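If you're wondering where the values come from, they're calculated on a predicted model, not measured in any experiment.
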Amino acid sequence: MWPPAKASDMTRADAPVTLPVVLTVAGSDSGGGAGIQADLKTIEACGGFGTSAITSVTAQNTTGVQGQHLLPIEEIEAQIEAVTGDFDVAAVKTGMLATSEVIDLVVDHAADLPNLVVDPVMVAASGDRLLAAEAEDAYESLIAEATVVTPNADEAAVLTGRDVDDPAAAEQAGRDLVEMGADSALVKGGHVPGDAVVDTLVTEDGVTTFRHDRIDTEATHGSGCTLSSAIATQLAHGDDLPTAVGSSVDLLASAVRYNVDIGEGPGAVHHLVQARNDAAHHPTSEAVERVVSALVEADVSGLVPERGMTVAGATPYAETSDAVAAVEGRIARTMDGVRPNRGVRFGASTTVARALLTAREHDPSLRFAIDCRLTDAVEDALASLDGTSASYDPGERPDRVAADATAQWGVDRAFGASDDPPVAVVGREGLGTDEHAMLFGATVDAIVSRVESVEYAVGTDA
């Protein structure tokens with residue numbers, strides 16, 4: 001029938017989806033950053049369907065734990081049986097189990113708990129104890145049932161009796177846990193001193209390490225819950241263990257860096273950081289297209305290098321170049337002004353993307369970068385607009401983008417007032433004096449305004 005009936009007159013067919021079911025057996029965090037709340041957020045963010053068996057109810061916030069109440073054992077068991085009796089559970093993770101009786105209960109049901117990820121929660125990030133001292137020994141029987149056990153350095157020390165103060169000790173502690181019966185052990189390096197965090201995965205077949213830069217923050221509430229939940233969900237999707245651990249470690253690194261600033265104490269990790277970043281891909285691509293349109297309309301021919309100009313934009317939580325959208329083939333000068341050669345694509349840029357990511361290490365609000373032709377007139381215009389001298393030795397300003405950028409993508413010098421986005425001057429290896437200036441901005445309007453201001457100051461004969 002045409003025209004079609006009104007929506008109110010139609011019964012639409014459902015379109016169900018199938019998601020892997022993940023069960024978390026853990027305590028409730030009223031502050032929302034850790035425990036069951038963190039687990040369910042992470043499971044959903046990683047594409048799983050989260051179910052739960054709550055072991056304990058805590059009254060806590062970012063400043064600490066004010067109280068906790070253990071649920072009766074029969075109520076915890078009823079939750080586990082309700083979930084496993086109805087759902088096709090693909091993976092399970094444990095968190096706060098609190099007592100030996102709860103640990104023994106999980107062991108009794110281990111045959112129905114596939115891909116069991118055991119996070120041996122003992123102490124909250126605030127220092128409040130979450131496991132009865134008498135229950136520490138009970139963990140040995142649960143570890144023997146684990147697909148992977150994920151202690152931090154302090155928890156590994158309690159479980160193995162070994163001080164874990166460097167990666168070598170972490171590896172040995174992991175071997176101890178595997179000897180206790182675990183299929184594998186991931187000894188986390190967040191509590192181990194060092195500029196880098198090294199997480200050590202030990203299996204009977206060997207050792208794999210995952211290294212990432214340490215984040216200068218105390219907002220790590222929920223980090224252990226988030227990591228173990230992510231690993232369980234990736235295992236539920238069918239990933240092998242190293243892949244599941246690697247992707248989960250990457251997620252946690254971003255979740256810690258882009259933590260959520262809430263409460264009076266240290267904030268929580270950003271459990272949805274990856275989902276939010278993925279959702280920002282299309283808006284970011286559209287934003288880059290708006291920058292390109294503005295530059296075409298303004299005809300910034302005088303600032304386009306001979307090889308063309310690159311416009312790039314990063315997603316809000318970009319960590320790698322594949323999260324940076326750029327004009328593929330650059331913007332070129334023509335007889336009629338400037339024109340992009342092709343469209344916008346993620347991963348289309350290398351040099352400008354790396355420059356933008358490096359600048360974001362110093363100012364995460366920066367989202368856009370443009371490389372411009374560099375002449376004496378352009379450099380003078382940039383220095384004049386920023387109100388500073390045109391250049392300096394990168395070694396003199398280690399707190400600015402120049403120091404890192406020199407090592408990472410060949411910056412010769414940089415300049416910019418302390419309150420302004422930095423400008424980096426880059427010499428391309430093998431191209432002689434073909435230098436160009438990288439301009440950065442936090443918004444579409446900011447980056448376009450900066451380019452237009454330079455173009456106006458220099459004129460089209462730059």
Side-chain angles (χ1 to χ4, degrees), residues 33-34 38 42 62 119 121-127 150-157 162-174 185-202 207-231 242 245-262 265-274 277 314 316-321 323 354 356-366 397-409:
T42 304
T62 60
D119 184 17
V121 176
M122 297 179 180
V123 179
S126 60
T150 63
N152 61 32
D154 298 331
E155 293 159 349
R162 182 186 302 278
D163 290 336
V164 179
D165 50 12
D166 59 33
E171 178 180 334
Q172 189 55 57
L186 177 68
V187 181
K188 298 174 290 190
H191 294 183
V192 178
D195 292 336
V197 175
V198 181
D199 300 315
T200 305
L201 176 64
V202 179
V207 178
T208 305
T209 56
F210 305 86
R211 180 184 300 267
H212 59 87
D213 294 335
R214 190 175 298 277
I215 310 299
D216 185 16
T217 182
E218 296 181 356
T220 59
H221 186 53
S223 56
C225 305
T226 299
L227 180 61
S228 56
S229 295
I231 293 171
V245 171
S247 62
S248 299
V249 167
D250 288 344
L251 182 151
L252 181 60
S254 294
V256 171
R257 185 184 184 205
Y258 301 103
N259 56 81
V260 183
D261 184 11
I262 51 172
V269 301
H270 194 337
H271 315 93
L272 302 182
V273 64
Q274 190 174 68
N277 203 53
Y317 311 116
E319 293 287 292
T320 58
S321 58
R354 289 197 300 269
L356 179 54
L357 292 171
T358 303
R360 283 171 53 81
E361 289 297 314
H362 296 261
D363 183 356
S365 71
L366 298 177
R397 295 288 296 277
D399 60 322
R400 296 288 284 168
V401 67
D404 286 348
T406 298
Q408 294 190 27
W409 39 273

- Please name the residue in the list V197, V249, D154, D119 that meets the side-chain contact (heavy atoms from CB on, under 4.5 Å) test with K188. D119
- Query: Roughly how far apart are L251 CG and S229 OG, rounded to 0.5 Å?
  - Reply: 10.5 Å
- Message: Surrounding CG of D166 (heavy atoms of other residues, nucleotides or ligands, distance under 6.0 Å), is the total greater than 12?
- Response: yes
- Stepwise, does the side chain to side chain contact (heavy atoms under 4.5 Å, CB included) test hold for H191 with T220? CA-CA 11 Å; H191 294 183; T220 59; over 6 Å; no
- If you take all heavy atoms of S248 and I231, which pair is closest and at what distance? OG-N, 3.2 Å
- Message: Please find the pair of heavy atoms, one from A318 and one from A314, that lie closest to each other, and give the distance.
- Response: CB-CB, 3.7 Å
- Closest non-hydrogen atom pair, V192 against V164: CG2-O, 4.0 Å
- Applying the side-chain contact (heavy atoms from CB on, under 4.5 Å) test to H212, which of V198, D199, D250 qualifies? D199
- Message: Quick one, V202 and V187 - any side-chain contact, counting heavy atoms below 4.5 Å?
- Response: no
- Message: Could you measure the distance from the CG atom of D213 to the CG atom of D195? Nearest 0.5 Å is fine.
- Response: 8.5 Å
- Query: Y258: what forms a ring pair (Phe, Tyr, Trp, His ring centres under 6.0 Å) with it, not counting sequence neighbours?
  - Reply: Y317
- Task: Working to the nearest 0.5 Å, report the span between CG of L186 and OG1 of T200.
- Result: 7.5 Å
- Message: Donor-acceptor check, side chain of H271 to backbone of A34, threshold 3.5 angstrom: yes or no?
- Response: no
- Query: Would you say H270 and V260 make side-chain contact, with heavy atoms under 4.5 Å?
  - Reply: yes
- Query: Taking all atoms of both residues into account, what is the closest heavy-atom pair of G33 and A38, and its distance?
  - Reply: O-CB, 3.2 Å
- Note on the structure: Taken to the nearest 0.5 Å, the spacing of T208 OG1 from E171 CD works out to 10.0 Å
- Item | Main-chain N/O of R360 paired to D363 side chain as donor or acceptor, under 3.5 Å | no
- The salt bridge (Lys or Arg N to Asp or Glu O under 4.0 Å) partners of R257 (sequence neighbours excluded) come to E319, E361
- Query: Within the side chain of R162, is there an N or O that forms a donor-acceptor pair under 3.5 Å with the backbone of A170?
  - Reply: no
- Query: Within the distance-only criterion (no hydrogens, no angle test), does the side chain of E155 pair as donor or acceptor with the backbone N or O of N152 below 3.5 angstrom?
  - Reply: yes
- To the nearest 0.5 Å, what is the distance between OG1 (T42) and CD (Q274)? 10.5 Å
- Message: Any non-hydrogen side-chain atom of L227 less than 4.5 Å from a side-chain atom of T150?
- Response: no
